[in-house]
Amino acid sequence: MTQAAPLFEVRDISRNFGPVQALNGVSLALDKGETHSVIGENGAGKSTLMNIICGKLRPSSGSIHVDGRAVEFHSPLDAQMHGIAIAPQEINLVPHLSVAENILLGAHRGRAAAIDWRATYTDAAFYLHEVDDSIDPRMPVRELSKAQQQLVQIARAAATRARIIIFDEPTAALTWRETEKLMRYIRKVTSEGRSAFYISHRLDEVRELSQRITVLRDGMNVGAIPPQEATRERMVSLMAGRPPKAGRQPIRHLDEAETILDVRNLGREHEFRDVSFTLRKGEILGVSGLIGSGRSEMAKCLFGATRADTGTVALEGRETRFRAPLDAIRAGLIYLPEERKQEGIFPLLSIAENTALPTLDRFSGWLRIRNRDMLNEVGALARQMKAKFGRLGDPITSLSGGNQQKFIIARWLMREAKVLIMDEPTRGIDVNAKLEIQTVLRRLTEERGLSIILISSEMEELLDVADRILVMHEGEVKGCVNRDGTTQERLLELAMS
Ligand SMILES: Nc1ncnc2c1ncn2[C@@H]1O[C@H](COP(=O)(O)OP(=O)(O)OP(=O)(O)O)[C@@H](O)[C@H]1O
Ligand SMILES: [Mg+2]
């Protein structure tokens, strides 16, 4: 008896970048209506594989089969002709064009000379509405948040009417509410007979969504896990090739520690109101909340990027009023913004240059460590975070998404500061590397007395590492709890109260 060929298949795919073997003999298949997740640590080869499947990259060897027939993709357009589209990991939209234009770029109704704009908008609005009904298709893309941009990329992939949609870390920038919406959307499109490749470091999503889970490690397919057997332990073990370490940092009691930052009744119109909290020396204060909770706005205001309308901030007992980020930096406060990808990477420079020559240094002038020491420190931090890289002189763009992120974190951890504000620092970073980063953060608080405000959409992460957790909702502080004895349910409950 002959078995029907799968809808889609890659066989024995390899790909190298110079000496780096990103993929090594990978085979996998996708059936109609199936969600097939591909998981693996940062640098395992997931995006490389997906970029080959959608025609952006050519394999060094191996073959691709659609409906049982061998095909060759010379460009993304070839893949699109076979019904394959990708919502890529990195934002890849034209910022000054509208959402609708971005969605239908290359798929306009009508001839180039006579584009039917009304139909274009209607179409775009339809696909966008399916994914998220809160985004205005007429808005220029640059005015959207990172999360919204990611959703627009998904609508763009769907608008090609693809039979196979690749989601490469679609939820990295999303909070749980938008994530749930997206999960519903993916279930809907697959129930209609489309298929999906799904990439995520959030293993709960992977288990919930997939009919098949394939694990890549060092560019190789090291096995599939049936979703019903896909415990977190099993997935992490197969990804790493060894059993997972225990996650949680030990509980500390810092009640006696001096207050470094005292924020009272801070407010800014339309953003957040009456925010009060203290940060202790050596403490990690987690901040939990949904998009729109005012967390990032509050952080920007603390850093002097925006002005508060009400309230006071005292640093080490002295009331401060930062008129600009430079004032904050001079006073010992630094800030790792959420939108660092657009603001934070110099694509033409090397890994070392990107890490060691940040703008902050040019302005702040308190570069006390020498360059060589600095590079040694970059290397040491990178290794601790399990960054996968060739040499520090390689271009930053040769790193996988998660590994770029590790160097951006390293850049900020190397600054000398009293208070470090981090907005979603571990987005797109794999489970094990996240634990390593948490260990590094804890060490810095203990060795240097650094105090950290850690904004994260992942409650699990806050429960792993924060000493206390501030819960914000719709611009207000709903509570501040000790990590000891707190659960995810409790945090949600507080947010909703
Ligand atoms: N353009 C490139 N030049 C050189 N090396 C590259 C390039 N693109 C990817 N690589 C290397 O190939 C390997 C796989 O990268 P890939 O982006 O596929 O990883 P990934 O599994 O998607 O990781 P992440 O979870 O961090 O997104 C990495 O070691 C990376 O450094
Ligand atoms: Mg990737």
Engineer: Sub-3.5 Å donor-acceptor pair from the side chain of Ser276 to the main-chain atoms of Asn265, do we have one?
Structural biologist: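 Between the backbone of Asn265 and the side chain of Ser276 there is a qualifying donor-acceptor contact (under 3.5 Å).
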Engineer: If you define the side chain from C-beta out and look only at heavy atoms, does anything of Glu458 sit under 4.5 Å from Arg202?
Structural biologist: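 Counting from C-beta outward, Glu458 and Arg202 do come under 4.5 Å.
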Engineer: Is it the case that the side chain of Gln148 and the backbone of Ser145 share a donor-acceptor pair, with hydrogens and angles ignored and the cut-off at 3.5 Å?
Structural biologist: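 A pair under 3.5 Å: yes.
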Engineer: Side chains of Ser47 and Asp168: any donor to acceptor distance under 3.5 Å?
Structural biologist: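 Checked: Asp168/Ser47 side chains pair up, N/O donor to acceptor below 3.5 Å.
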Engineer: Above 12 or not: heavy atoms from other molecules or residues under 6.0 Å from CZ of Arg307?
Structural biologist: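 Incorrect, the count does not exceed 12.
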Engineer: Are Glu283 and Thr445 linked by a side-chain donor-acceptor pair shorter than 3.5 Å?
Structural biologist: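 The answer is no; no qualifying pair exists.
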Engineer: Do we get Arg411 above Phe407's six-membered ring, with its NZ or CZ under 6.0 Å from the centre and within 45° of the axis?
Structural biologist: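 No - Arg411 does not lie over the ring of Phe407 by the 6.0 Å and 45° rule.
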Engineer: Counting only heavy atoms not in Arg187 (residues, nucleotides, ligands), do more than 12 fall under 6.0 Å from its CZ?
Structural biologist: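 Yes, the 6.0 Å shell around CZ holds more than 12 heavy atoms from other groups.
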Engineer: So for atom CZ, which belongs to Arg234, do other residues, nucleotides or ligands contribute more than 12 heavy atoms lying within a distance under 6.0 Å?
Structural biologist: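 Count over threshold, so yes.
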Engineer: Could you go through Lys418 and Glu316, starting from their C-alpha distance and side-chain angles, then the distance that decides it, and tell me whether this counts as salt bridge (Lys or Arg N to Asp or Glu O under 4.0 Å)?
Structural biologist: CA-CA 10 Å; Lys418 294 171 186 158; Glu316 294 178 310; 3.2 Å; yes
Engineer: Would you find a donor on one side and an acceptor on the other, under 3.5 Å apart, between the side chain of Arg273 and the backbone of Glu474?
Structural biologist: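 At least one qualifying donor-acceptor pair exists.
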Engineer: Between Arg443 and Gln384, is there a side-chain donor-acceptor contact under 3.5 Å, judged purely by atom types and distance?
Structural biologist: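 Yes, side-chain donor-acceptor contact under 3.5 Å.
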Engineer: Would a 4.5 Å heavy-atom cut-off, applied to side chains only, mark Asp467 and Arg280 as touching?
Structural biologist: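 No - every pair of side-chain heavy atoms lies 4.5 Å or more apart.
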Engineer: Is the shortest side-chain N to carboxylate O distance from Asp464 to Arg248 below 4.0 Å?
Structural biologist: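 Judged by the 4.0 Å cut-off on N to carboxylate O distance, Asp464 and Arg248 do form a salt bridge.
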